[in-house]
Amino acid sequence: MGKKGEETEMGMFFDGIIESMPLFVKELIAGGVAGGLAKTAVAPLERVKILFQTRRAEFHSVGLFGSFKKIAKTEGVMGFYRGNGASVARIVPYAALHYMTYEQYRRWIIDSFPGIGRGPVLDLVAGSFAGGTAVLFTYPLDLVRTKLAYQVVGPPKINVKGVVNTEQVYNGILDCFSKTYRGSGLRGLYRGVAPSLYGIFPYAGLKFYFYEEMKRHVPDDQKKNIMVNLVCGSVAGLLGQTFTYPLDVVRRQMQVQRLLASNSPELKGTMETLVMIAKNQGWKQLFSGLSINYLKVVPSVAIGFTVYDMMKSYLRVPSHDEAVIEVVTNKGNTQTSSLHT
């Protein structure tokens, strides 16, 4: 009885904490948890994808499975998670901001422009602006993650054939931040941000658009079904990523430019870099790693959306329809109070 009473009391305590949280805090927590779990689940594929995008000669020749074997042989199991600490450190605030600002932008648009309706245009616009906002706040962490993942370092006292060890080596997240800032200043921490913004606006918008549009056609009694959410999230991520992938390749190559050999041509603007990659490396390089990205995006976006919806339910975040009703009701109450005053 005593143990059951303690559990009930603990449950009431957590219920009180959840009820006292502002709505935007709940959305931040739900988005951060969803992003962290999704990113960690696909970390090995993310590492191989980045190496395909930036180390064409070394990894294209051995293929997908050969790349996995090469990493396992030279760096061990932990090699698949090189840069994942920075990736998770970036994705948690990024996903938290992304999901939260999407909800906030969505409510703000409905409140400010009631004539726009609650169709695909709303999700497209809200998702696009949310993606841009999240990128601007977290981009330096993405840059650091890419630089750490780009390194291929053999274990101590082992001579690794075919691996260049003369490149600059960063000893963790803070060391990478410090060296990048000392070498290039704040501008260096935002190298490649332009293609990120060009890519995230359509990608984030399309991702939310496809996900919400598919869920609109799901029967009400199936909307909380995990498999349904996984399927909707998978298709949304797959379609959104396909249209914007070349800009992701441009961004990665701009990020690791200073780690490349000195005889590599200097990469400047986004469009100039895109043209240079197509001219010097072939147009197929703009889609390098896309097959791996499909394998990564499907589970990543699916897990992200599914966990986010589950966390929203656990934290008692109102559904989109309930949130809109709440906004309209609050607005009406404010207007009524003003009239009485």
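Along the sequence shown, the residues carry numbers beginning at 1. All values reported here derive from a predicted model rather than from experimental measurement. Atom set for the values below is all heavy atoms of this structure, side chains included, hydrogens, waters and symmetry mates excluded.
Under the ring pair (Phe, Tyr, Trp, His ring centres under 6.0 Å) criterion, Phe210 pairs with no residue at all, not counting sequence neighbours. For Tyr94, the ring pair (Phe, Tyr, Trp, His ring centres under 6.0 Å) partners at least two apart in sequence or on another chain are His98. Residues passing the side-chain contact (heavy atoms from CB on, under 4.5 Å) test with Ala41 are Ile303, sequence neighbours excluded. For Lys26, there are no side-chain hydrogen bond (donor to acceptor under 3.5 Å, both in side chains) partners two or more places apart in sequence or in a different chain. Asp220 is linked by a side-chain contact (heavy atoms from CB on, under 4.5 Å) to Lys223, counting only residues two or more places apart in sequence or in another chain. Shown here are the ring pair (Phe, Tyr, Trp, His ring centres under 6.0 Å) partners of Tyr190, two or more places apart in sequence or in another chain: Tyr139. Residues forming a side-chain contact (heavy atoms from CB on, under 4.5 Å) with Ile173 (at least two apart in sequence, or on another chain): Ala86, Val144, Leu148, Phe177. Remark: Leu238 engages Tyr294, Val298 in a side-chain contact (heavy atoms from CB on, under 4.5 Å) (not counting sequence neighbours). For Phe80, the ring pair (Phe, Tyr, Trp, His ring centres under 6.0 Å) partners two or more places apart in sequence, or in a different chain, are Phe68.
Interatomic distance, Leu247 CG to Leu274 CG, rounded to the nearest 0.5 Å: 6.5 Å. With values rounded to the nearest 0.5 angstrom, Met276 atom CE is found 5.0 Å from Glu272 atom CD. Atom CD1 of Ile17 is separated from atom CD of Glu19 by 11.5 Å, given to the nearest 0.5 angstrom. Between the CG atom of Leu28 and the CE atom of Met100 there is a distance of 4.0 Å, given to the nearest 0.5 Å. Note that OH of Tyr211 is 12.0 Å distant from CZ of Arg216, once rounded to the nearest 0.5 Å. Taking CG of Leu189 as the reference point, atom OH of Tyr181 lies at 8.0 Å (rounded to 0.5 Å).
The number of heavy atoms from other shown groups lying within 6.0 Å of CZ (Phe129) does not exceed 12.
In this structure, Lys215 pairs ionically with Asp309, as a charged nitrogen and a carboxylate oxygen lie closer than 4.0 Å. A salt bridge is absent between Glu212 and Arg106; no separation between the charged side-chain nitrogens and carboxylate oxygens falls under 4.0 Å. Salt bridge annotation for Lys147-Asp175: absent, with no cationic side-chain nitrogen under 4.0 angstrom from a carboxylate oxygen.
Here the closest heavy-atom approach between residue Leu97 and residue Ala134 is recorded as CB-CB, 4.1 Å. Residues Ala302 and Ser234 approach most closely at CB-OG, 3.2 Å, considering heavy atoms. When all heavy atoms are compared, the tightest approach of Gly233 to Val301 is O-CG1, 3.1 Å.
Under the 3.5 Å distance criterion, with hydrogens and angles disregarded, a donor-acceptor pair is assigned to the side chains of Tyr105 and Thr133. A donor atom on one side chain and an acceptor atom on the other are found under 3.5 Å apart for Asp123 and Tyr102.
Looking only at side-chain heavy atoms (C-beta outward), Lys207 and Ile200 stay at 4.5 Å or farther from each other. Proximity of Pro246 to Val250: side-chain heavy atoms (C-beta onward) are nowhere separated by under 4.5 Å. Taking the side chain as every heavy atom from C-beta outward, Ile18 and Tyr314 approach each other to under 4.5 Å. Under the 4.5 Å side-chain criterion, counting only non-hydrogen atoms from C-beta, Arg107 is in contact with Glu103. Side-chain contact between Phe208 and Phe305 is present, with at least one heavy-atom pair separated by less than 4.5 Å. Residues Leu239 and Leu206 are not in side-chain contact: their nearest non-hydrogen atoms beyond the backbone lie 4.5 Å or more apart. With contacts defined as side-chain heavy-atom distances shorter than 4.5 Å, the pair Asn229/Asn225 does not qualify.
Residue pairs satisfying the ring-ring contact (aromatic ring centres under 6.0 Å, His included) criterion with at least one member in residues 107-126, sequence neighbours excluded, are listed as follows: Trp108-Phe113.
The hydrophobic cluster containing Tyr81 does not contain Leu174, counting ILVMFWY residues as joined when their side-chain heavy atoms lie under 4.5 angstrom apart, directly or transitively.
Taking the six-membered ring where the residue is Trp, Tyr99 and Tyr308 present parallel rings, their angle staying beneath 30° rather than reaching 60°.
Under a 4.5 Å side-chain heavy-atom cut-off, the cluster of Ile, Leu, Val, Met, Phe, Trp and Tyr residues that includes Met227 is completed by Ile226, Leu230, Met310. Cluster partners of Val228, using a side-chain heavy-atom cutoff of under 4.5 Å among ILVMFWY residues and allowing indirect links, are Val218.
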